[in-house]
4 protein chains.
Amino acid sequence: MVTEVLDVRHVALVAQYADMLQIGARNMQNFSLLREAGESGKPVLLKRGLAATVDEWLMAAEYILLTGNDRVVLCERGVRSFDSATRNLLDLTVIPLLRQITHLPVIVDPSHGTGIARLVGPMALAAIAAGADGLLVEVHPEPRAAASDGAQSLRPTEFAELMRNLPEVARAAGRSTRSRTFLSV
Amino acid sequence: MVTEVLDVRHVALVAQYADMLQIGARNMQNFSLLREAGESGKPVLLKRGLAATVDEWLMAAEYILLTGNDRVVLCERGVRSFDSATRNLLDLTVIPLLRQITHLPVIVDPSHGTGIARLVGPMALAAIAAGADGLLVEVHPEPRAAASDGAQSLRPTEFAELMRNLPEVARAAGRSTRSRTFLSV
Amino acid sequence: MVTEVLDVRHVALVAQYADMLQIGARNMQNFSLLREAGESGKPVLLKRGLAATVDEWLMAAEYILLTGNDRVVLCERGVRSFDSATRNLLDLTVIPLLRQITHLPVIVDPSHGTGIARLVGPMALAAIAAGADGLLVEVHPEPRAAASDGAQSLRPTEFAELMRNLPEVARAAGRSTRSRTFLSV
Amino acid sequence: MVTEVLDVRHVALVAQYADMLQIGARNMQNFSLLREAGESGKPVLLKRGLAATVDEWLMAAEYILLTGNDRVVLCERGVRSFDSATRNLLDLTVIPLLRQITHLPVIVDPSHGTGIARLVGPMALAAIAAGADGLLVEVHPEPRAAASDGAQSLRPTEFAELMRNLPEVARAAGRSTRSRTFLSV
């Protein structure tokens with residue numbers, strides 16, 4: 001289970017139950033939270049800030065790494081742009097770029113990255129083809145009834161179809177695949 | 001042969017020799033040039049402007065379509081961003097987005113889109129996985145000696161390797177492939 | 001009279017009647033048009049492109065200057081941003097910045113820069129306080145009935161009030177003032 | 001004395017000594033910190049996030065106001081842009097815009113907003129002309145020796161000169177002036 005932490009005072013409690021702590025985009029430069037999450041010893045999922053450069057993102061990761069916790073995963077989730085056609089602008093180029101300058105794994109969140117359910121599948125395939133190590137995909141049994149982010153959530157059947165198509169793209173892009181699905185709350 | 005036209009007064013001459021006319025990103029809203037290119041009857045490659053929304057891009061295409069010339073191809077080549085880590089920010093989400101709102105084919109230029117040769121291959125595969133209809137890739141026999149754009153040009157051997165990997169990704173993403181390479185000058 | 005030219009083939013005709021030629025933001029990098037405007041010998045108003053850096057803007061001006069025509073005026077009219085609260089993001093910092101690196105006069109268009117009539121007055125005063133050499137302000141006798149840009153147009157009485165307040169701000173900012181109003185069509 | 005707080009656990013301590021708490025741009029959406037700062041009862045200076053829309057900025061202010069603490073001051077300090085000519089893009093249009101939609105005072109930080117000492121003076125005058133209620137200006141006795149932000153710091157003599165010119169611009173823009181200078185650490 002991956003759980004977002006928003007407050008330094010909650011880290012210890014959340015770390016008792018979650019398998020992985022998530023730092024959200026709005027907290028990417030909340031340095032107290034980064035340190036506290038690092039010191040929990042749990043793996044940390046570090047989302048890219050809304051207008052963070054690749055350099056700033058890696059420097060934020062350093063706050064976690066400096067605690068001696070090297071289990072950091074970077075997550076691209078789209079940056080702010082001038083075009084409101086999509087919720088954010090998903091920047092897949094960071095995948096091969098980061099591979100050349102860091103050993104940290106990079107995953108992609110096409111749900112927040114696009115904000116539109118019908119675009120999630122193609123962008124998930126594109127992320128894998130570009131070399132992503134994993135995906136963070138929102139799924140909801142009844143997207144229209146979701147309390148939040150319904151417009152970008154896949155139905156379980158749509159998710160299952162995506163998971164069927166994905167391994168072949170991964171293989172074609174020269175990646176070995178091992179499907180492990182985690183719950184994020 | 002695809003040739004960029006920069007001046008309305010050159011369209012007729014260029015159209016005598018080129019198979020396709022290219023409108024560059026800086027001329028996407030040069031409406032006289034769009035009309036003149038349309039009236040040539042030649043296929044037109046319309047690059048997205050540096051800060052053009054998807055709506056503005058499609059409206060620029062309308063200037064060509066209104067001349068009765070419906071052979072327009074849209075080309076994503078990256079937009080301007082706050083991060084100088086890459087030359088532009090390649091926006092692959094427009095591929096599935098455009099597929100839902102227009103019948104026009106969409107191709108991707110990962111060379112200008114990234115500006116860095118080592119990123120071109122992965123982003124070319126990602127573009128095809130996202131559903132792109134084609135690619136515009138810069139190749140140079142000796143990139144370091146190129147008069148311009150050397151940093152983003154593939155060597156012929158690198159291009160050949162990319163072309164070997166591409167069909168499998170296309171098939172995995174459910175696309176039929178037919179490789180036809182055009183010269184762009 | 002300041003008149004926008006959109007097509008190289010119209011420059012000679014427009015130059016017969018206009019006192020000054022205007023190059024619009026969408027044509028800032030239409031290099032044929034820049035050269036042709038320069039060769040007309042008329043003063044040229046060069047608007048900043050929607051996502052043009054200061055360097056690119058000055059390099060565009062060079063195309064005009066290279067024809068031997070040094071009567072070029074730069075016009076800041078706002079750049080593209082992620083916030084749709086205003087039509088564009090008016091970048092007044094370019095005024096003192098340009099003063100340090102070029103001798104060309106700099107004027108400001110707070111009408112396009114904000115897109116909202118009630119913001120035009122304060123931003124006009126701010127532009128003058130920052131050192132602008134002039135303003136380009138849209139005025140319409142009946143803004144709601146305007147064919148275009150009504151939302152950003154001042155009524156004649158509002159314009160008159162602005163012109164009354166302006167000289168004092170200019171003096172306070174250490175500028176001498178000489179009010180000359182030109183018609184732009 | 002205005003002091004930035006970076007960690008919810010420091011708010012109580014800082015509030016014992018500071019006259020005003022500052023929430024930095026990187027913490028604008030650190031909602032725990034906003035609430036804690038609000039509950040301290042101290043006035044809060046809320047800097048705009050690096051890519052925050054006006055709506056998001058006002059919603060961040062609501063987190064403070066909801067604690068019953070209505071002494072909130074908004075501070076524009078520039079947003080992220082595609083042009084590296086200045087450190088940030090100072091958005092002065094928010095001054096008259098915010099005046100129409102909120103009663104909260106708005107001040108401007110031209111030091112972070114431009115990043116270049118020679119631009120601070122003109123932009124400070126422009127901010128006041130646009131209606132700003134105050135300024136946050138960095139001053140250092142020896143800018144070249146400053147541990148950080150030296151490039152954007154005024155010398156005391158430059159600051160004194162700015163303070164001499166400011167009242168006249170304020171009066172010209174129809175503002176009454178009362179100069180009170182606070183120390184920010």
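By convention in this document, chain letters (A, B, ...) are assigned in the order of the sequence lines, proteins followed by strands, and residues within each chain are numbered from 1.
- Contacts of D:A124 with chain C are absent, with no heavy-atom separation under 4.5 Å from either backbone or side chain.
- Options C:A173, C:A130, C:P110 differ in how many heavy-atom pairs under 4.5 Å they form with chain D, and the most are formed by C:A130.
- Each of C:D109, C:D91, C:T53 was compared with C:R48 under the side chain to side chain donor-acceptor pair (under 3.5 Å) criterion, and only C:D91 meets it.
- When each of D:D55, D:T86, D:L97 is scored by its heavy-atom pairs under 4.5 Å with chain C, the top score falls to D:L97.
- When side chains are defined from C-beta on, D:R118 does not count as touching C:P96, because their heavy atoms never get closer than 4.5 Å.
- Using a 4.5 Å cut-off between heavy atoms, D:E56 makes no contact with chain C at all.
- For C:V79, the part lying near chain D is the side chain, with the backbone staying farther off; criterion is any non-hydrogen pair under 4.5 Å.
- Counting heavy-atom pairs under 4.5 Å between each of C:I116, C:L92, C:I95, C:I128 and chain D puts C:L92 at the top.
- Heavy atoms from other residues, nucleotides or ligands lying under 6.0 Å from CD of C:E142 number 12 at most.
- Side chain of C:N69 to backbone of C:K42: a donor-acceptor contact under 3.5 angstrom is found.
- Both the backbone and the side chain of D:T93 come within contact range of chain C, each with at least one heavy atom under 4.5 Å from a heavy atom of that chain.
- Counted within 6.0 Å of CZ on D:R9, heavy atoms from surrounding residues, nucleotides or ligands total more than 12; the atom is thus considered enclosed.
- Looking at D:E39, its side chain never comes within 3.5 Å of a backbone N or O of D:E36 through a donor-acceptor pair.
- In this structure, the portion of D:R80 lying under 4.5 Å from any heavy atom of chain C is its backbone and not its side chain.
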